[in-house]
Amino acid sequence: MTTPTRTEIKRYRPQDVERRWREHWAASGLYRTPDHVPGRENWYALTMFPYTSGDLHIGHWFAMAPSDALARWRRMRGHNVLFPMGFDAFGLPAENAAIKGSLHPYDWTMANIERMRRQLQSMGAMFDWSREVNTSAPEYYRWTQWWFLQLYRMGLAYRAAANANWCSSCQTVLANEQVVDGRCERCDTVVVQRRMEQWFLRTTRYADELLQHDELDWPEHVKLMQRNWIGRSEGAEVSFALEQPASDGTTEIRVFTTRPDTLFGVTFIVLAPEHALVDALTTPSQRAAVDAYVEAAARTTEIERQSTERAKTGVFTGVYCVNRLNGARVPIWIADYVFSTYGTGAVMAVPAHDQRDFEFAQQYGLEAPVVIAPPDYDGAPLAAAYVELGTLVASGRFDGLPNEEAKRAIAAHLAEQGWGGPSVVYRLRDWLISRQRYWGAPIPIVYCEACGIVPVPEAELPVRLPYDVEFLPTGQSPLALSEAFVQVECPQCGAAARRETDTMDTFMCSSWYFMRYPDAQNGATAVARPAADAWLPVDQYTGGAEHATMHLLYARFFYKAARDAGLVPGDEPFTRYFAQGQILGPDGRRMSKSRGNVVAPDGQVERWGADVFRAYLMFLGPWEQGGPYDVDGIVGVSRWLHRLWSVAVEAPAFGTHGSGDVDAAAARELRAVAHRTLARVTDDLVRYRMNTYIAALMELTNALHRAREAGPVDRGAWDEALRLATLMLAPACPHLAEELWERRGGAYSVHEQVWPEPDAALLERATVELPVQVNGRLRDRVEVPAGVAEVDVRALVEARPRIAEQLAGRRVVRVIYVPDRLVNFVLGDAAS
RNA sequence: GCCGAAGUGGCGGAAUUGGCAGACGCGACGGUCUCAAACACCGUUGGGGGCAACCCCGUGCCGGUUCGAGUCCGGCCUUCGGCACCA
């Protein structure tokens with residue numbers, strides 16, 4: 001195929017322009033980002049890397065193209081901008097594809113990466129491909145394993161037996177964050193609980209710090225989601241003395257409550273069926289009932305268990321404890337409305353002041369004494385729990401205290417007596433990272449009969465994934481079936497030992513990838529401190545808010561651990577974060593193959609060109625909002641760029657200075673339009689308003705077009721306006737801007753030019769069109785000098801026939817004059 | 001149930017601090033070029049009334065504040081998102 005030389009191109013042919021410049025950019029290394037450039041500050045712009053599922057989705061374009069525009073704009077503003085790209089390449093889909101037949105996960109993934117890299121390159125983004133990462137490459141996962149070992153050493157990784165969320169379809173356990181409404185986030189299968197030995201990361205250690213968002217320039221709703229997810233509750237821990245020690249010697253039950261003020265209203269204690277003491281407490285006469293209940297609870301799915309509609313059930317253990325505050329004898333029950341994983345797994349029940357306890361008490365005929373008096377309380381039994389504010393009654397020495405005050409007073413009293421005290425608990429659970437699957441980074445641990453849990457020495461990393469394994473969904477990792485993988489010498493004593501066969505959750509890989517880009521090629525460490533100091537933390541992160549309580553939380557946890565290990569600067573990984581919306585199918589529903597509403601980016605690029613497609617995605621609407629992809633609308637953007645091409649390439653008739661055929665005012669106005677656009681656009685980019693950025697450029701193009709059609713144009717003004725238009729276009733449509741820049745004699749590359757400053761003098765308007773209102777209704781418009789005084793405006797306006805007619809015979813009560821904005825005559829009744 | 005965000009033409013959307021509602025674009029309608037067409041070009045386009053100049057109505061609903069409300073306040077309705085037997 002022959003490429004036409006550029007003088008032959010009369011018409012805008014995006015495909016030719018784009019191919020030519022992509023090749024040129026690559027050849028000239030325009031997007032290579034050194035760690036330091038004298039005189040330029042570093043700026044780390046990052047958009048979430050894609051999962052290697054096979055094809056670049058339109059959603060990827062929607063996320064990445066505007067991010068690229070912003071990165072380019074930062075570059076023009078004088079920063080040395082790092083804008084890297086890579087692949088999130090481990091994970092279940094690769095393995096599921098292998099199980100279905102055909103390809104090995106490695107081959108499947110590598111083929112996808114090849115395809116997606118090509119698709120990404122068609123975007124014309126300023127990615128520095130020399131820093132590409134692939135999380136499934138040994139050169140990368142070696143360091144994921146290394147991170148695991150650092151966390152282990154810091155006491156942030158531990159192994160424990162626990163009830164884990166098991167997806168029978170994916171044949172693996174899932175983290176809490178990956179269970180949505182009791183179902184597997186990935187395949188919608190109902191999750192069941194399985195008790196297993198698993199590896200956890202101690203995210204809860206940083207719970208309080210993770211709640212600290214004050215320094216972060218993030219969307220409020222994302223911060224809120226994280227706050228809700230972490231779920232900090234303040235209250236008190238209270239110890240209840242067992243009447244008789246349990247069979248294991250335990251003498252107390254500890255509960256967590258947010259309502260220590262209701263402690264005098266406790267009429268029973270409830271343990272979760274899974275509570276460690278249940279077995280040791282239960283009396284022989286209640287044993288059969290309790291065992292049956294515990295067993296039934298174990299069979300209940302989380303969905304059933306968490307349903308609030310279900311009637312409350314429970315069983316008495318046969319045992320009592322004592323409320324130390326008032327000596328009351330309190331029966332201990334078990335019930336599945338109490339969760340073993342929250343607080344102490346036991347609650348003190350106050351039926352009068354907690355709706356759940358109230359329902360339970362009604363069910364089993366338990367007392368509900370009122371200890372916080374509702375207003376005008378007559379002593380009659382309550383119809384529902386009273387949970388509002390009130391004053392304490394029947395609470396001994398605390399009677400008469402407002403209940404909020406009583407919370408503190410009783411908690412303090414408990415602490416004094418050694419019966420408990422103030423306490424804080426979190427909804428957040430530690431992060432379960434074990435996966436019983438093949439396509440992930442092996443957990444670098446060896447189990448030795450003699451030495452126990454032994455970390456693999458760093459020098460022996462990576463623990464490589466063997467290629468030849470059986471992909472049978474057996475419920476244990478395929479690695480367990482590979483004797484060659486499992487059998488190993490203990491690194492400590494040399495005896496025969498076994499490797500851990502589970503792999504890590506892929507969110508491990510993505511929790512630190514942004515730390516790798518600064519030092520992507522380093523074979524000696526994950527990220528060297530100088531590289532980390534050069535780039536971290538990320539200045540601008542963009543990506544979907546669906547990651548609010550997963551990736552974005554995990555990455556923050558990781559970064560804090562990295563900080564504590566002295567590896568990275570600062571406390572937070574992402575200084576600024578912007579959450580773009582989700583792009584939907586033309587029918588307004590989520591794009592999916594099964595719905596048949598998928599719009600392939602490749603097709604759009606082929607038909608319209610990458611620049612048109614990029615600009616259209618930005619133009620669609622507010623970036624944070626997303627919305628349906630309207631296949632027909634893109635033609636408007638295409639028309640715009642063709643028109644801009646025409647305006648830039650086909651010069652107008654130029655007038656000569658002083659000959660009178662060029663109007664000085666028109667020349668000034670053309671320049672002013674360009675500078676006003678520049679001011680608007682700069683503000684739009686600061687505020688991520690990509691849609692109005694594009695709209696402003698369209699308006700400028702229309703103004704240029706009108707000026708050209710209107711007759712002779714001042715050459716200086718024309719050139720200046722067009723120069724600004726090209727520079728402003730560069731972030732959004734990098735190929736076309738480069739082409740127009742070159743055609744108009746600009747030095748390579750437009751992307752290395754400085755973003756211009758608007759000329760303040762041109763932003764001032766000599767005259768303004770002032771709306772004239774009478775009683776708040778628009779009646780006229782009048783052209784006045786900017787900033788003109790009120791008296792002059794009045795004189796001018798009152799002389800206008802339309803206004804004079806309105807004012808005739810009526811009294812002007814007031815005149816509101818907002819300079820350059822509006823004038824409003826407020827009339828009273830008819831004047832005499 | 002609790003928390004959060006959003007409701008503007010046929011459609012996507014725009015509108016500093018309260019100050020010309022509907023920028024920009026799609027679609028539609030009319031026209032030009034063309035044998036024909038559009039990924040071309042020009043024009044019209046919130047609704048209603050009027051020959052016209054113009055007038056009235058209009059930003060989810062009801063009320064309020066104000067000279068003036070898409071924007072502020074109170075009360076609802078709808079949609080979307082998060083959390084939810086979390087003590």
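Lettering of chains follows the sequences in order, A, B, ..., and the numbering in each one begins at 1. Values below: every heavy atom of this structure, side chains too, minus hydrogens, waters and symmetry copies.
Checked against ring-ring contact (aromatic ring centres under 6.0 Å, His included), A/W608 has no partners two or more places apart in sequence or in another chain. Applying the ring-ring contact (aromatic ring centres under 6.0 Å, His included) test to A/Y616 and every residue at least two apart in sequence or in another chain returns A/Y629. Every residue two or more places apart in sequence or in another chain that forms a side-chain hydrogen bond (donor to acceptor under 3.5 Å, both in side chains) with A/R687 is listed here: A/D683. In this view, A/Y426 satisfies the ring-ring contact (aromatic ring centres under 6.0 Å, His included) rule with no residue, not counting sequence neighbours. Looking at residues two or more places apart in sequence or on another chain, you find a side-chain contact (heavy atoms from CB on, under 4.5 Å) between A/N691 and A/P622, A/R689. With sequence neighbours left out, A/Y293 forms a ring-ring contact (aromatic ring centres under 6.0 Å, His included) with no residue at all.
Heavy atoms of other residues, nucleotides or ligands lying less than 6.0 angstrom from CZ of A/R765 number 12 at most.
For the pair A/W608 CH2 and B/rG25 C1', the computed distance is 13 Å after rounding to whole Å. Taking atom CZ of residue A/R590 and atom C1' of nucleotide B/rC80, one finds them 15 Å apart after rounding to whole Å. Between A/R305 atom CZ and B/rC85 atom P the separation is 11 Å, expressed in whole Å. With rounding to whole Å, A/Y817 atom OH is found 21 Å from B/rG68 atom P. Rounding to whole angstrom units, CG of residue A/D357 and C1' of B/rC85 are separated by 10 Å. If you take CZ of A/R821 and C1' of B/rU16, they are 7 Å apart, rounded to a whole angstrom. In this structure, the CZ atom of A/R11 is 15 Å from the P atom of B/rA38, given to the nearest Å. We find that CD of A/Q582 is positioned 15 Å from C1' of B/rG82, with the value rounded to whole Å.
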Below 3.5 Å is the cut-off: list the nitrogen or oxygen pairs between protein and nucleotides 62-67 of chain B, distance only.
{"from": "B/rC67", "atom 1": "OP1", "to": "A/R814", "atom 2": "NH1", "distance (Å)": "3.1"}
{"from": "B/rC67", "atom 1": "O2", "to": "A/N824", "atom 2": "ND2", "distance (Å)": "2.6"}

Is there any protein nitrogen or oxygen under 3.5 Å from a nitrogen or oxygen in nucleotides 52-55 of chain B, and what are the pairs?
{"from": "B/rC55", "atom 1": "OP1", "to": "A/R779", "atom 2": "NH1", "distance (Å)": "3.0"}

For nucleotides 41-47 of chain B, print each protein N/O atom paired with a nucleotide N/O atom at under 3.5 Å, atom names and distance only.
{"from": "B/rC42", "atom 1": "OP1", "to": "A/H705", "atom 2": "NE2", "distance (Å)": "2.9"}
{"from": "B/rC42", "atom 1": "OP2", "to": "A/R643", "atom 2": "NH2", "distance (Å)": "3.3"}

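Atom CG of A/L678 and atom CG of A/L700 lie 10.0 Å apart (nearest 0.5 Å).
For the residue pair A/T341 / A/R429, a side-chain donor-acceptor distance below 3.5 Å is found, with atom types taken as modelled. Side-chain polar atoms of A/Q178 and A/N165 form no donor-acceptor pair below 3.5 angstrom. Looking at A/W333 and A/T317, their side chains never bring a donor and an acceptor atom within 3.5 Å of each other.
Within the nucleic acid shown, A/T341 has no heavy atom closer than 4.0 Å to any nucleic acid atom. In this structure, A/W640 reaches neither bases nor backbone, as no heavy-atom distance under 4.0 Å exists between it and the strands shown. Among the atoms of the strands shown, only primed sugar atoms or phosphate atoms (P, OP1, OP2) are found under 4.0 Å from some heavy atom of A/N702. Using a 4.0 Å heavy-atom criterion, one finds that A/V635 contacts the sugar-phosphate atoms exclusively. Here A/V270 lies out of heavy-atom contact (under 4.0 Å) with every strand.
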Original post:
Can A/W419 and A/F240 be said to form a ring pair (Phe, Tyr, Trp, His ring centres under 6.0 Å), step by step?
Top reply: CA-CA 8 Å; A/W419 298 338; A/F240 286 77; over 10 Å; no

**OP:** For the pair A/R408 and A/D261, evaluate salt bridge (charged side-chain N to carboxylate O under 4.0 Å, His left out) and give the outcome as yes or no after the intermediate values.
**Re:** CA-CA 8 Å; A/R408 285 186 295 276; A/D261 52 323; over 6 Å; no

Subject >> Derivation and outcome, salt bridge (charged side-chain N to carboxylate O under 4.0 Å, His left out), residues A/E798 and A/R800 >> reply: CA-CA 5 Å; A/E798 283 172 3; A/R800 305 272 298 184; over 6 Å; no

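Comparing the C1' positions of B/rG46 and B/rA37 gives an interatomic distance of 32 Å, to the nearest angstrom. Rounded to the nearest Å, the gap between the P atom of B/rA52 and that of B/rG47 is 16 Å. For the P atoms, the distance from B/rG60 to B/rG27 is 27 Å, rounded to whole Å. Separation of the P atoms belonging to B/rA6 and B/rG63 is 25 Å when rounded to the nearest angstrom. Nucleotides B/rG9 and B/rG25, compared at atom C1', are 14 Å apart to the nearest Å. Rounded to whole Å, the separation between the P atoms of B/rU66 and B/rC61 comes to 23 Å. The separation of B/rU8 from B/rC57, taken at their C1' atoms, amounts to 15 Å, rounded to a whole angstrom. Separation of the P atoms belonging to B/rA23 and B/rG30 is 22 Å when rounded to the nearest angstrom.
When each of A/R687 and A/E699 is assigned the nucleotide of RNA chain B bearing its nearest heavy atom, the one mapping closer to the 5' terminus is A/R687. Across the interface with RNA chain B, nearest-nucleotide mapping of A/S340 and A/V180 shows A/V180 to be the residue nearer the 5′ end.
Contact between the side-chain N/O atoms of A/T258 and the OP1/OP2 oxygens of B/rC86 is not found at any separation under 4.0 Å.
Within the structure, every pair that satisfies the salt bridge (Lys or Arg N to Asp or Glu O under 4.0 Å) test and touches residues 694-709 of chain A, not counting sequence neighbours, is listed here: A/R680-A/E699.
Relative to the six-membered ring of A/W218, A/R556 meets both conditions, a distance below 6.0 Å and an angle of at most 45° to the axis. For the pair A/R643 and A/Y12, the cation-pi test (distance below 6.0 Å, angle within 45°) is failed.
The pair A/E185-A/R183 fails the salt-bridge criterion, with no side-chain N (NZ, NE, NH1 or NH2) lying under 4.0 Å from an Asp/Glu carboxylate O.
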Subject >> Footprint string (nucleotides 1-15 of chain B, 5' to 3'): B base within contact, S backbone only, - free, heavy atoms under 4.0 Å >> reply: --SS-------BSSS

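Look at A/F339 and the base of B/rC85; the rings do not stack under the cut-offs of 5.5 Å between centres and 30° between planes.
Nearest to the side-chain atoms of A/R356 among the listed nucleotides B/rA87, B/rC24, B/rU17 stands B/rA87.
Applying the 90° criterion around 0 to the glycosidic angle, B/rG9 comes out syn.
Base pairing in RNA chain B gives the following stems of 3 or more Watson-Crick or G-U pairs, range against range and under 3.5 Å: B:1-7 with B:77-83, B:10-12 with B:24-26, B:27-32 with B:40-45, B:46-49 with B:54-57, B:60-64 with B:72-76.
When A/Q306, A/K312, A/R310 are each tested for a side chain to side chain contact (heavy atoms under 4.5 Å, CB included) with A/Y337, only one passes: A/K312.
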